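Whatever order the structure lists them in is the order used to number ligands and atoms, beginning at 1. All of these numbers come straight from a predicted model, not from anything done at the bench.
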Amino acid sequence: MKLPIYMDNHSTTPVDPTVLEAMLPYFTEKFGNAASRNHAFGWEAEAAVDAARQQIAALINADPKEIVFTSGATESDNLALRGIAEMYREKGDHIITTVTEHRAILDTAKRLEKMGFSVTYVPVRADGLVDPDVIKQAITPKTILISAILANNEIGTINPVAEIGTIAKERGILFHSDATQAVGKIPVDVQAMGIDLMSFTAHKMYGPKGIGALYVRRKNPRVRLAPMIDGGGHERGMRSGTLPVPLIVGFGKAADICRQMMPEESKRLTALRDRLRDGIMTQLDETYLNGHPTRRLPNNVNISFAYVEGESLLMGLKDIALSSGSACTSASLEPSYVLKALGVGSELAHSSIRYGLGRFNTEEEVEYVIRRTVEIVTKLREMSPLYEMAKEGIDLSKVEWKGEH
Ligand SMILES: Cc1ncc(COP(=O)(O)O)c(C=O)c1O
């Protein structure tokens with residue numbers, strides 16, 4: 001077994017060697033511009049892009065024409081929200097989203113508020129799920145878009161998107177879902193789920209960084225979108241710019257591998273996930289699983305370890321790549337807003353670790369991670385006066401600390 005171990009697959013995934021192999025010729029001899037219509041170099045590039053579009057569409061049950069390539073899910077989220085807001089402004093100025101979205105949605109929504117739109121951020125339940133009825137109640141005659149994350153990047157909770165899709169359709173409102181963590185990991189079907197727009201990205205599914213997609217429905221209803229980038233009219237005018245052919249080829253190959261491997265891979269990862277969770281939680285007291293116990297991604301475990309500071313725990317586990325909260329927010333000392341939204345207190349939110357399993361993790365690695373986590377948590381707690389007091393039965397919430405007024 002090689003150290004360090006990578007177990008932060010919600011943050012990014014390594015490129016599958018088969019994916020890299022498929023990409024390489026498009027950096028060298030097959031370097032054409034897919035928009036060059038008058039020579040063989042261009043035709044070859046265009047054919048490769050078409051094939052990748054089909055592979056990606058097949059993974060989510062879409063038509064290849066409904067795939068718009070972007071630089072990643074951040075751009076897809078921006079394009080979906082801002083593109084719809086601008087295009088449908090005459091119809092209404094109200095958008096509904098949830099409090100546990102990725103920053104790419106929340107920050108875009110905040111910008112739209114500054115531009116005069118009104119946004120409702122619906123709360124989630126303690127297990128992290130969005131209640132479709134709460135979304136229904138938030139709808140007004142001015143609502144033009146509902147955006148709800150499919151699977152959460154911190155706690156892995158899988159939202160009831162098909163039910164939200166049905167509600168949106170009944171009311172003639174467009175439905176966008178950020179499916180970045182779900183596509184390639186669990187079955188995602190834009191038809192069955194009633195999704196009109198959907199963001200996802202290659203680097204979370206063993207493809208390269210810098211390429212993503214926005215699914216944009218063409219029929220029932222035909223979604224229109226104001227572009228955010230103007231130029232040569234690529235991607236049906238929705239996203240101009242020369243296509244990065246090698247990245248797209250890699251994205252297509254990654255999608256194809258995920259589609260073929262998903263049943264077996266998700267079974268294997270679910271077993272590893274459950275072993276990891278049980279191995280840690282049965283050996284350590286005062287540990288709490290964040291998110292829904294079963295409606296969650298096959299690769300996600302998120303645990304709060306009371307009386308242990310998350311950052312100290314990560315330092316102790318230096319030979320394992322993990323995350324405390326979302327990778328995007330780990331630079332700040334604020335506790336995770338996702339965990340806070342579930343009602344997890346600041347202390348416990350600060351003491352939480354996200355384990356993100358992936359295709360290349362082994363049973364041996366999982367056993368090592370269990371062993372090291374138990375060792376470090378036990379050691380840190382031995383040094384914690386708070387843990388000792390709690391074990392002696394002292395109610396810490398009633399303690400009056402020196403210097404406290
Ligand atoms: C749910 C979710 N949405 C969006 C993104 C952003 O994706 P990208 O890195 O492709 O911009 C991420 C990645 O952290 C994510 O987990």
Any atoms of ligand 1 less than 4.0 Å from a non-hydrogen atom of [X]? List them with their elements.
X    : result
G72  : 10 (O)
T201 : 10 (O)
H203 : 8 (P), 9 (O), 10 (O)
I149 : 1 (C)
N153 : 1 (C), 16 (O)
T74  : 6 (C), 7 (O), 8 (P), 11 (O)

- [ ] Compute the minimum heavy-atom distance from E101 to ligand 1 and say whether it is under 4.0 Å.
- [x] no
Taking heavy atoms and a distance under 4.0 Å, where does [X] meet ligand 1: side chain, backbone, both or neither?
X    : result
K204 : side chain
E75  : neither
A104 : neither

Open item on the list: Could you check whether any side-chain N or O of E75 sits under 3.5 Å from a backbone N or O of G212, counting only pairs where one atom can act as donor and the other as acceptor?
Closed with: no
Task: Short side-chain to backbone donor-acceptor contact, E235 and F69, under 3.5 Å - done: yes
- [ ] Measure from NZ or CZ of R82 to the centre of the six-membered ring of F117, then state whether that distance is under 6.0 Å and the direction lies within 45° of the axis.
- [x] no
Open item on the list: Does the Lys NZ or Arg CZ of K110 fall within the cation-pi geometry relative to Y121 - under 6.0 Å from the ring centre and within 45° of the axis?
Closed with: yes
Task: Carboxylate-amine/guanidinium contact K391 D285, below 4.0 Å - done: yes
Task: Passing option when L145 is tested against I95, I96, D196 for side-chain contact (heavy atoms from CB on, under 4.5 Å) - done: I95
Task: Steps toward ring-ring contact (aromatic ring centres under 6.0 Å, His included) verdict (F31, F41) - done: CA-CA 7 Å; F31 60 84; F41 294 87; 5.3 Å; yes
Open item on the list: Pairs of nitrogen or oxygen atoms closer than 3.5 Å, one from D178 and one from ligand 1: do any exist?
Closed with: yes
- [ ] Say whether S199 and H176, considering side chains only, have a donor N or O and an acceptor N or O under 3.5 Å apart.
- [x] yes
